[in-house]
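All values derive from a computational prediction rather than experimental measurement. Counting starts at 1 for both ligands and their atoms, in listed order. Hydrogens, waters and symmetry mates play no part in the numbers below; they use all other heavy atoms, side chains included.
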Amino acid sequence: MAYKETFWMACDSTEQLRAEYGPFQSRNEAEQEARKLGFGYLLRYEHIIGENDEIQEVRCIFLELAPSTAPPRVNRRLHTRCATCGESAAHDEAWRAEVWADIHEFEHARHRVRLFEQTRAEGLREIGDWRDTCA
Ligand SMILES: [Zn+2]
């Protein structure tokens with residue numbers, strides 16, 4: 001019976017002459033190490049091992065890591081503030097602001113959450129009509 005052995009490497013490119021670091025048993029470990037080293041890729045190796053423990057086949061798959069070292073979208077920060085009770089929060093991503101507003105408006109009937117965008121250049125600016133308020 002052939003079986004498959006899988007392991008992960010962190011690597012800095014998909015070129016033939018690349019730096020690789022590893023191996024790691026799990027993708028998470030490899031990813032953490034790659035981020036520490038500033039590497040942008042993971043390499044997943046699959047060895048198909050035959051009856052006599054010989055490697056019959058090697059497969060490798062590159063995975064590109066999403067850049068996480070980049071600053072969250074150029075100094076833009078979203079602020080939600082309830083126009084009714086004044087509760088507020090800050091968010092890095094639009095969907096988080098929306099979730100916050102959904103939860104707040106769900107928990108407090110007839111409260112209305114407003115959204116503001118803060119950039120270093122322009123300061124705080126309200127984003128009107130950001131949600132469907134017909135409901
Ligand atoms: Zn409120």
task = Can you spot which of T119, D92, L124 makes a side-chain contact (heavy atoms from CB on, under 4.5 Å) with R77?
result =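 For R77, the side-chain contact (heavy atoms from CB on, under 4.5 Å) check succeeds only for D92.
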
ask   = Of all residues at least two apart in sequence or in a different chain, which pass the ring pair (Phe, Tyr, Trp, His ring centres under 6.0 Å) check with Y45?
value =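 In terms of ring pair (Phe, Tyr, Trp, His ring centres under 6.0 Å), with neighbours along the sequence ignored, Y45 is linked to F7.
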
ask   = Is there a donor-acceptor contact under 3.5 Å linking the side chains of T80 and H91?
value =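 Looking only at side-chain atoms, H91 and T80 do form a donor-acceptor pair, the distance falling under 3.5 Å.
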
message = Is there a continuous path of hydrophobic side-chain contacts, each under 4.5 Å between heavy atoms, that joins F24 to L42?
response =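 Result: yes, single cluster for both.
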
request  = Scan residues 10-23 for pairs that pass salt bridge (Lys or Arg N to Asp or Glu O under 4.0 Å), counting only residues two or more places apart or in two chains.
outcome  =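 As it turns out, the salt bridge (Lys or Arg N to Asp or Glu O under 4.0 Å) pairs with a partner in residues 10-23, which skip direct neighbours, are R18-E20.
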
message = Can you list, by chain and residue number, the hydrophobic cluster partners of I103 when the side-chain cut-off is 4.5 Å?
response =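 Via sub-4.5 Å side-chain contacts, I103 links to W95, V99.
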
message = I'd like to verify the contacts: list protein N, O or S atoms under a distance of 2.8 Å from the Zn ion (ligand 1).
response =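 Those protein N, O or S atoms (cut-off: under 2.8 Å from the Zn ion (ligand 1)) are C82 SG, C85 SG, H104 NE2, H111 ND1.
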
